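Step one of this worksheet: look at the structure below.
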Amino acid sequence: APVLSISRDGNLYLDQKLVGITKKITKKPAVLMNKLNTIKRDWAKSHTTPFPGEINLQADKEVSSTTVSTVMGMLTSGQYQSIQLAVIGQ
């Protein structure tokens with residue numbers, strides 16, 4: 001499953017590659033959604049089973065719950081319904 005990470009400094013990463021600043025992505029999610037759609041298309045090409053909609057969401061403990069909730073909403077609208085959430089930090 002792909003890994004989406006929200007860092008303490010406000011950046012959003014997909015599989016350790018910078019997507020952009022979380023605040024900007026939540027307002028204009030096209031960049032992220034295009035990358036997620038590519039993952040879904042690649043899945044369909046290499047599997048005979050339906051796309052499972054799984055994604056791992058990691059968020060630094062300093063990231064607000066509102067931001068995490070907004071990102072989760074974007075994921076579910078993009079057919080990623082199975083979200084495993086992990087909070088990172090001490």
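Positions are given from 1, in the same order as the sequence printed here. As the structure is a prediction and not an experimental result, all values here were calculated from the model.
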Is it the case that one hydrophobic cluster holds both [X] and [Y], taking links as side-chain heavy atoms less than 4.5 Å apart, direct or via other members?
| X | Y | result |
| --- | --- | --- |
| L18 | M33 | no |
| V31 | L4 | yes |
| I83 | V63 | yes |
| L85 | L75 | yes |

Side-chain heavy-atom pair [X], [Y] within 4.5 angstrom cut-off:
| X | Y | value |
| --- | --- | --- |
| E54 | Q84 | no |
| L36 | L14 | yes |
| L57 | V71 | yes |
| D60 | I6 | no |
| Y80 | M74 | no |
| T26 | L12 | no |

(message) How about NZ on K35, more than 12 heavy atoms from neighbouring residues, nucleotides or ligands closer than 6.0 Å, or not?
(response) no

(message) Just checking Q81: does its CD atom have more than 12 heavy atoms from other residues, nucleotides or ligands closer to it than 6.0 angstrom?
(response) yes

So, for [X] and [Y], which heavy atoms are closest and what is the spacing to 0.1 Å?
| X | Y | result |
| --- | --- | --- |
| P2 | I39 | CB-CD1, 3.9 Å |
| F51 | W43 | CA-NE1, 3.4 Å |
| S82 | P52 | CB-O, 4.4 Å |

(message) Would you compute the distance between atom CG of L32 and atom OH of Y13 and round it to the nearest 0.5 angstrom?
(response) 14.0 Å

(request) Look up atom NZ in K27 and atom OG1 in T22, then write down how far apart they are to the nearest 0.5 Å. (result) 12.0 Å

(message) Whether the T67 and T70 side chains hold a donor-acceptor pair (N or O, under 3.5 Å, no angle test) is what I'd like checked.
(response) no

(request) Would you check if there is a donor-acceptor pair between the side chains of S5 and Q58 at a distance under 3.5 Å? (result) yes

(message) Strictly distance-based, threshold 3.5 Å: is any side-chain N or O of K61 a donor or acceptor partner for the main-chain N or O of R8?
(response) no

(message) Could you check whether any side-chain N or O of N34 sits under 3.5 Å from a backbone N or O of A30, counting only pairs where one atom can act as donor and the other as acceptor?
(response) yes

